[in-house]
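Working notes, beginning with the structure itself.
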Amino acid sequence: MGIQHIGRFFKQLQKELGVSRQEFSKNICSERAIYAIEQGLEGVHIDIFQDLMAKYGLPCTYLPAFRDKEEFSAFRDLTDALYYIKCWNLSSAYPLLLYLQSRKYMNSQMIYRRVQLAKLLLLLRSGTAKNTVIMETAKRLFEDANITPKNFEEHYPSAIEYQMLIAYAECLLYKKKISDARSLAERIINALTASNLPPEEKHELLGKAELVLAHILFAAGCYQEAEKTSSSGMERCVRHYNHDALPELICWNALSQERLGNRALAKQLLNDLYSFLCLNYRRLADRIYRIAKENVAETDILPEKKPAPQPDIFPFPQEDPDLIKQLLAQKPPINCAYQLGDIIRDLRIQQNMTQAELADGLCDRSQLSKIEKGQFAPVRTLAGALLERLGLRTNNFSFFTTKQDYEFSELKYDYTLYNLHNEYDKLSEPEDFLRSEEEKSNRLMRQSALLLCASATRDRKAQLARLEEGLACTFQGSWESIHTKKGLTYNESSFFINFLQCYNSLGEHEKALALAVQLIDFHSHKTYEPDARWRVFEPVTYFYIFAQYNLGNYAEVDKVVSGLSKDLPLNDLSNPAYLYFFSCQALIHLNRSTEEVLTHANAAAAAFRLLGNQQELDHFRKMLLEEYGLRIE
């Protein structure tokens, strides 16, 4: 995508920035190298391209170009493995990584380094690897790389490189090099804070970095600083709805509180965390219990728990040293054979979609045909929409972008947070900006703008009217028209998720239920990546249960909550909190045991406390006491 036009792109960017070729290349590469790229005499290495874009505030602006289909398949397998590691489903990640290792990394540095990162994360989470194995794997992340733990501030690391740096800091802690680990973690946080990464990625990485730093500070005996750092990370995770690191941050905060003498608070935090996790996040609950047991001074603050099975051991076979040397010596060109058009064409055929079906509402069929043949380079928004409709998360890929696109994404992110936190005083009417003539000419940007405008009001009827306008713009009709489609982009799915919210808020639960059933049926036939699938299904599942509960279908509520996978990512504590809120009441109506009801009720109450949602907690307590005579902690 755009790779064949890289020279023209560099010339245009210099003109827009008002800089000379010498200024453009300063501190990144030579002026002669830029000239050769502009003339089409040389390709550009991905590290140089990233550094140039980040230097001028353009985040993550490249699409991985693959040598062949096998390398693309390896990239997708690796994405799945990282998802399973995120879910603490290590036994599913392990065979995928072994398979990738047996295929010799597809002769690709990109695959090689990401496999090393995935292996390292898996070894750290299994808790059984030897120090030598950990450090050997960690060092391979940066062998012959431009960015290293010593010099990364001089460059502009990508999100995946920040993940490598954070993992390396954790390895130094594992090796008991506390001072080095602390210094690196603090430098990573400072660099991340000043980086131009997209806000969602940035805050997620900062939360993970603060988690590692809190662990390091606790290990160093700096309990007050560990408490402060973990509190900062907890606030960030809750504020920005990136809850992946939140449970462990809460754990280290509780352990720090105990060492500072706040034993009652520490006990409450650990008990709340375990009560919430034990229903649908058992592996993570076991992890939290092990951390707490190994680090508490007094064991009486630990929650009650049955013995957990020992973690698996992952004895990775040693790599061939000659292969590693060969891989690290290569500098694959940017214009590889398997590019965006090939990916789109192959995935479309794999899913039995015609060009007209994939292009519907996004671009002309003839335009898609040119993209697949490599004759036309689509803009970032179109490329992302096509990949999302084919079931690929676009945060695994990055695109050429403009400063205006980046500013729009930041504005959209801020408005999403304001709406989620009910901070309507911070929502000002964005339509003048989003409906300018320039934006009107861009169909995909207009779709995003209409969705954003719909969230800029607390009046559900007004929001519903704006959503209907967006629906007409997106599909030129109604919900029924999407049944002729083979896929939805995430933006398009968001329209219907917002419809679900409006219907339930207005008491139209039958409409919400009917739409939720259609969405679940529609998305069940898609070949999404695991993370992308749950990103769509999580909010739909919540609104489905909300509607079922209000319609009195208590057996269905119990069935869905009990049937949730035990290997889900913890993207957002609030959704499962409300699921337990409804499931405990459904269990009461189904005359289930008091013990089972209280298990679900305490899980919901614990989540509300951890999220700082005192108003919802008080309402929940009062409702259980007055309507059912049940008292919870």
Side-chain angles (χ1 to χ4, degrees), residues 45-65 75-76 78-83 85-86 108-121 124 138 141-142 145-149 151-170 184-185 187-213 233 236-237 240-245 380 383-384 387-388 392-401 405-406 409-410 412-413 490 529 531-532 535 569 571:
H45 189 264
I46 197 62
D47 293 338
I48 295 175
F49 185 76
Q50 278 185 246
D51 286 357
L52 282 167
M53 295 300 98
K55 178 180 177 181
Y56 294 104
L58 300 175
C60 299
T61 50
Y62 75 97
L63 171 74
F75 184 84
R76 294 196 73 184
L78 185 51
T79 301
D80 289 352
L82 288 168
Y83 170 79
I85 292 171
K86 178 181 178 181
S108 163
Q109 288 186 73
M110 177 182 68
I111 300 294
Y112 173 78
R113 294 195 192 283
R114 289 176 187 240
V115 168
Q116 296 305 312
L117 174 63
K119 283 173 54 179
L120 188 56
L121 293 173
L124 288 168
L141 293 176
F142 303 102
N146 290 338
I147 294 178
T148 70
N151 72 357
F152 68 90
E153 291 102 333
E154 301 169 14
H155 298 269
Y156 303 91
S158 64
I160 194 73
E161 287 165 332
Y162 271 118
Q163 288 184 46
M164 293 177 182
L165 291 164
I166 293 167
Y168 192 80
E170 190 174 351
L184 178 57
R187 288 167 54 214
I188 291 170
I189 290 172
N190 290 335
L192 264 172
T193 303
S195 74
N196 283 317
L197 288 174
E200 187 174 1
E201 284 186 344
K202 182 174 179 175
H203 290 292
E204 183 176 2
L205 288 166
L206 277 168
K208 291 178 180 178
E210 287 175 316
L211 167 60
V212 171
L213 180 57
R236 183 187 305 281
C237 287
H240 294 276
Y241 277 75
N242 290 317
H243 295 176
D244 185 26
R380 180 185 64 88
L387 287 171
E388 282 198 341
L392 287 180
R393 281 201 68 174
T394 52
N395 69 346
N396 289 329
F397 300 86
S398 304
F399 313 96
F400 295 171
T401 185
D405 285 341
Y406 181 47
S409 69
E410 286 195 312
K412 185 176 178 183
Y413 181 74
Y490 184 66
E529 299 169 60
D531 200 14
R535 188 172 60 132
N571 292 335

message = Please determine whether side chain to side chain contact (heavy atoms under 4.5 Å, CB included) holds for the pair Phe75 and Arg114, giving the CA-CA distance in whole Å, both sets of side-chain angles, and the decisive distance to 0.1 Å.
response = CA-CA 9 Å; Phe75 184 84; Arg114 289 176 187 240; 3.7 Å; yes
ask   = For Phe152 and Glu161, what are the C-alpha separation, side-chain angles and deciding distance, and is it a side chain to side chain contact (heavy atoms under 4.5 Å, CB included)?
value = CA-CA 9 Å; Phe152 68 90; Glu161 287 165 332; over 6 Å; no
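Side chain of His240 to backbone of Glu204: no donor-acceptor contact under 3.5 angstrom is found.
In this structure, OH in Tyr112 is found 13.5 Å from CG in Leu78, a value given to the nearest 0.5 Å. In this structure, CD1 on Ile160 lies 9.5 Å from CD on Glu201, to the nearest 0.5 angstrom. To the nearest 0.5 angstrom, Leu121 atom CG is 12.0 Å from Lys119 atom NZ.
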Just distance, no hydrogens or angles: give the donor-acceptor pairs under 3.5 Å from side chains in residues 187-194, sequence neighbours left out.
unit_1	atom_1	unit_2	atom_2	d
Arg187	NE	Glu153	OE2	2.6
Arg187	NH1	Pro149	O	3.1
Arg187	NH2	Pro149	O	2.7
Arg187	NH2	Lys150	O	3.4
Arg187	NH2	Glu153	OE1	2.8
Arg187	NH2	Glu153	OE2	3.3
Asn190	ND2	Glu186	O	3.3
Thr193	OG1	Ile189	O	2.7

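Residues Ala118 and Leu82 share a closest heavy-atom pair of CB-CD2, 3.8 Å. Nearest heavy atom pair, residue Asn151 against residue Thr148, reads OD1-N, 2.8 Å. Nearest heavy-atom pair, Ile147 versus Phe142, reported as atom, atom and distance to 0.1 Å: O-CD2, 3.3 Å.
Partners of Thr79 according to the side-chain hydrogen bond (donor to acceptor under 3.5 Å, both in side chains) rule, which considers only residues two or more places apart in sequence or in another chain, do not exist here. Every residue meeting the side-chain contact (heavy atoms from CB on, under 4.5 Å) condition with Ala138, not counting sequence neighbours, appears here in chain and number order: Leu120, Tyr168, Cys171. Contacts of Glu200 classified as salt bridge (Lys or Arg N to Asp or Glu O under 4.0 Å), with partners at least two apart in sequence or in another chain: none. Partners of Glu210 by salt bridge (Lys or Arg N to Asp or Glu O under 4.0 Å), not counting sequence neighbours, listed by chain and number: Arg236. Residues meeting the side-chain hydrogen bond (donor to acceptor under 3.5 Å, both in side chains) test with Lys202, sequence neighbours left out: none.
Inter-residue side-chain proximity for Gln163 and Ile166 is flagged as unmet; no heavy-atom pair is nearer than 4.5 Å.
Salt bridge status for Asp244 with Lys86: absent, with no side-chain N to carboxylate O gap under 4.0 Å.
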